J.: 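Sharing a structure, written as structure tokens. Questions coming.
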Amino acid sequence: MSHGATDPTMHPEVQLSTSKGYFLGFAISIALMLLATALVTSHSVPPFGLLMVITVCAGIAVIAQIYFLLHIDISEHNIWNTVALVLFIPLFLITIGLTWWMFSQLYLRTMDMSVMSSVTNPAVHAPATPKLSDMSGMNKNPDSGN
Amino acid sequence: MLVDLPGGWSPLLGRLAWSQIPYANPILAPLFVAVVIGAIIILGLITYYGKWTYLWKEWLTTVDHKKLGVMYIIIGLVMLFRGFIDGLMIRTQQVWAVGPHSSGVFGSLHGYLTPFHFGQVYSAHGLIMILLAATPLLVGFMNIIVPIQVGARDMAYPYLNALGLWITAAAAALIMISLFVGDFAHNGWFEYAPIFELQYSPGVGVDYWMWTLQLVALGTTLGGINILATIIKMRAPGMTWGKLPIFVWTSLAANVIALTSFPALQVALGLVAADRYLGAHFFTAGMGGNLMLYTNLFWIWGHPEVYFVILPAFGMMSEIFPTFSEKPLFGYITMVLASMAIAGVSWLVWLHHFFTMGAGPFVNTAFSVATMLVGIPTGVKVFNWAFTMYRGRLTFNAAMLWAIGALFLLLVGGFTGMMLAIPAINYMVHNSVFVVAHFHSMLLVIVYAIFGSVLYWFPKVFGFKLDEFWAKTMFWLFSAGTVLVFVPMYMLGFMGMTRRLEYVFDTGWQSYLTVMELGIVVYVFSVLAFFILLYVSVRDHAKNRVGADAWGTSRSLEWMTHSPVPFYNFAVLPHINERDELAWRRQHGIDQVRPEHYEDIHMPNNTGVAIILGGLTFVLGFALTWRIWWLCIVSLLAIILLMIIRSFKGDPGYIITGAELQRMEEEAYRREAQVLDSHHSHPVSGGVVGNAMAYQRNDSSK
């Protein structure tokens with residue numbers, strides 16, 4: 001404890017952080033974000049391709065930030081960062097997974113699915129709504145009182 | 001400008017104009033005058049008694065976790081009072097505006113609040129009570145108690161701690177100023193999409209709400225990081241995970257939740273800001289927006305937040321019951337596991353806040369089952385507390401009464417929670433006052449635990465006990481108010497009364513609403529009893545002085561140091577032998593052992609940077625709300641520059657020499673000896689008695 005306090009900047013996990021790394025991480029993130037924004041605003045790629053491109057951009061940005069800004073690797077002195085990442089995985093699966101599930105179920109019941117598919121297949125005129133009985137999870141027998 | 005702003009905008013003042021000051025409002029204008037006069041009196045008194053230097057040096061620039069905790073608690077109590085006044089206003093409006101023949105004043109058709117003003121009152125009530133009353137009160141207690149209970153001299157990051165406090169204070173100031181400059185949000189404390197979009201809520205109310213919440217989230221996240229680091233890295237020698245006091249365990253669980261869930265809220269609010277400021281369409285009804293996505297994101301944070309506030313309250317109860325039962329806590333291990341289980345399950349249940357969205361039977365069933373799972377660890381806790389009291393030597397003082405009250409309310413809130421977890425019932429009572437009564441029962445568990453803790457830990461922090469008579473009077477008045485307000489509320493919920501009614505159409509509900517009004521008047525008396533409690537206790541403080549162990553039956557580490565706790569907490573860090581260290585030492589006859597010699601210790605310096613950053617944060621929040629762009633840029637740049645300057649400067653801290661420490665310790669012992677004239681008169685010197693070790697001896701290793 002007391003007076004012999006060591007210089008915190010000499011800790012190995014702090015030594016990993018370099019201004020070059022931070023600037024690089026920042027620059028990569030900004031560049032990818034600008035690229036994605038430019039593609040979205042200019043509509044220069046068809047919708048499905050656009051979705052793919054910005055997803056890839058986001059993926060690269062995540063990796064760049066994990067590496068350059070958060071310094072997450074599997075070395076011994078970075079164990080706390082790694083633990084934090086491991087804790088993040090179940091939360092990521094829970095939040096994104098359950099959200100996806102609940103909204104897919106919601107859309108089955110509330111949305112015109114032909115419109116929803118317009119991302120992949122931009123139809124201007126929506127075809128007729130699918131029959132209720134075609135939806136999964138729907139009560140097939142209207143007389144059951146459910 | 002990316003969005004069409006209704007009303008004027010000028011480069012200098014943004015949307016701010018004289019017309020935004022509600023000087024013609026018959027409620028706000030007199031209040032404003034009262035606030036100004038009150039502020040002048042307080043500032044005048046500080047100047048008259050020449051206390052500015054003291055205030056600046058001892059409080060405003062402090063990094064001492066106990067003083068920061070006290071200031072957190074003061075902010076919490078002030079905001080609790082403000083939220084309570086909002087509650088009083090809501091109850092009064094509802095008892096007044098019943099049926100078409102009810103009278104109306106102040107420009108309202110029925111009652112005394114217009115629908116727009118009433119909306120602001122209940123929105124502010126909710127946001128304030130959860131995020132600016134309960135949260136600062138709990139964070140304040142964690143701040144004070146956790147470092148002492150783990151045997152540390154301060155938090156892991158004292159400066160960050162001060163920063164968290166002042167950002168929270170900035171948030172409180174921002175919501176308070178919305179009373180007198182512009183409006184507050186009128187769509188409920190958690191808001192709804194798409195009504196918070198600019199075209200439906202064109203005023204600054206939603207902006208105030210958004211930036212206040214954003215600042216609280218920031219402050220709480222910083223505090224959470226600090227408490228986690230303190231618990232993980234700063235425990236006293238010998239304190240293994242199995243010996244951690246239970247309040248520290250619940251604080252750990254709570255802050256894991258805070259650290260992981262608050263980012264979801266910040267992202268959601270950021271997207272709302274993109275919608276309102278940049279014209280994006282994240283939560284609009286059309287244009288590719290998804291309005292339920294907002295509700296989803298909000299409750300991804302919102303449900304874990306509920307357990308963030310309840311878990312420390314459980315920890316407080318777990319400290320109070322053993323002390324006044326003179327028994328160790330029953331089922332320590334299960335208590336720890338239950339806290340962690342609650343923290344884990346908190347992430348799996350958020351959809352139960354919007355069962356009626358229509359996600360269908362599979363999704364609703366899954367979340368219903370997950371919600372019911374919460375009952376298992378909570379039930380474990382309830383039984384553990386009951387078994388702690390079973391065949392104990394119970395002392396029914398005021399702190400214990402509050403804890404027992406919390407236990408009963410937890411049962412009421414818990415069982416109604418189980419009812420609400422059933423989607424079929426939820427569809428029936430959705431958005432009724434039954435739900436409101438349920439979550440008030442749960443939040444009152446927190447309030448009861450907090451008042452119990454105020455009584456329980458007050459002597460530790462200030463060195464004297466609070467007056468028992470007035471504390472008990474306050475307890476019984478508060479409990480009577482709780483019954484009178486919330487039993488009729490549950491009944492009205494079953495009758496179909498929906499929440500947030502500024503006009504009550506069914507005259508058959510009048511009698512219930514009258515009982516509730518009576519209840520809130522009883523609450524007013526309990527608030528008065530609290531003020532008298534503070535006055536009487538401070539007046540008689542010389543009579544009520546206490547020694548280190550204020551209750552005589554305390555068990556954990558914080559009761560081993562002096563009361564009031566010296567700024568360095570422990571002159572020599574104790575060695576931890578057992579889970580209930582003080583009880584163990586008392587049993588082994590070493591509770592009066594004093595260290596043989598004192599070594600130099602290293603303490604952090606005070607800093608004015610934190611309060612300046614807090615002030616700048618407030619300016620930034622205000623400028624963002626009113627869209628004063630130049631002020632946003634200036635304050636943001638100032639914040640960044642100040643952070644950089646402070647980072648390069650760092651804090652070398654300062655040294656208290658062993659001799660100085662010895663002098664201060666001997667003075668504290670002398671003061672304590674005067675208080676305890678009889679039973680603790682034989683201090684033992686030295687570090688080791690038999691096998692029991694009080695302090696780790698440096699010389700033994702040589």
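Chain letters run A, B, ... following the sequence lines, proteins first, then strands; residues in each count from 1. Because the structure is a prediction, the values reported are computed rather than measured. For the numbers below, each heavy atom of this structure counts, side chains included, while hydrogens, waters and symmetry mates do not.
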J.: Which residues pass the side-chain hydrogen bond (donor to acceptor under 3.5 Å, both in side chains) test with A/Ser29, sequence neighbours left out?
T.: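 Expected list: A/Gln65.
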J.: Is it true that, when you exclude A/Phe92 itself, more than 12 heavy atoms of the residues, nucleotides or ligands shown sit nearer than 6.0 Å to its CZ?
T.: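 No, CZ of A/Phe92 has 12 or fewer neighbouring heavy atoms, counting only those of other groups under 6.0 Å.
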J.: What do you reckon, is OH of B/Tyr277 surrounded by more than 12 foreign heavy atoms closer than 6.0 Å?
T.: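 Check passes, neighbour count above 12.
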J.: Checking B/Ile300 against A/Thr99 for the side-chain contact (heavy atoms from CB on, under 4.5 Å) test, could you report, in this order, the C-alpha distance in whole Å, the side-chain angles of both residues, the deciding distance, and whether it holds?
T.: CA-CA 9 Å; B/Ile300 282 181; A/Thr99 299; 3.9 Å; yes
J.: Does anything in residues 342-355 of chain B get under 4.5 Å of chain A by heavy atoms, and if so which residues?
T.: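 Hits under 4.5 Å: B/Trp347, B/Leu348, B/Trp350, B/Leu351, B/Phe354.
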J.: Can you give me the closest heavy-atom contact between A/Met102 and B/Val363, atom names plus distance?
T.: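 Looking at all heavy atoms of both residues, the closest pair is CB-CG1, 3.7 Å.
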J.: Would you find more than 12 non-hydrogen atoms of other residues, nucleotides or ligands less than 6.0 Å from A/Phe23 atom CZ?
T.: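 Count not over threshold, so no.
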J.: So for atom CE, which belongs to A/Met52, do other residues, nucleotides or ligands contribute more than 12 heavy atoms lying within a distance under 6.0 Å?
T.: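 Result for CE/A/Met52: enclosed.
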J.: At a 4.5 Å cut-off on heavy atoms, which part of A/Leu91 comes close to chain B: side chain, backbone, both, or neither?
T.: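 For A/Leu91, the contact with chain B is made by the side chain alone.
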J.: Quick one: which residues of residues 289-297 of chain B reach chain A at under 4.5 angstrom, heavy atoms only?
T.: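 Within residues 289-297 of chain B, the residues that come under 4.5 Å of chain A (heavy atoms only) are B/Asn290, B/Met292, B/Leu293, B/Asn296.
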J.: Mind checking side-chain hydrogen bond (donor to acceptor under 3.5 Å, both in side chains) for A/Ser42 and listing every partner two or more places apart, or none if nothing turns up?
T.: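 side-chain hydrogen bond (donor to acceptor under 3.5 Å, both in side chains) check on A/Ser42 returns A/Ser44.
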J.: Considering residues, nucleotides and ligands other than A/Tyr67, do more than 12 of their heavy atoms fall under 6.0 Å from its OH?
T.: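 Atom OH in A/Tyr67 is not packed in, count stays at 12 or less.
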J.: Using every non-hydrogen atom in the two residues, find where B/Phe362 and A/Trp101 come nearest and quote the distance to one decimal.
T.: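 Taking B/Phe362 first and A/Trp101 second, the nearest heavy atoms are O-CH2, 3.6 Å.
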J.: Select one option (side chain, backbone, both, neither) describing which atoms of A/Phe88 are under 4.5 Å from chain B's heavy atoms.
T.: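 The answer is neither part of A/Phe88.
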J.: Can you tell which part of B/Ala264 gets under 4.5 Å to a heavy atom of chain A, answering side chain, backbone, both or neither?
T.: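 Neither part.
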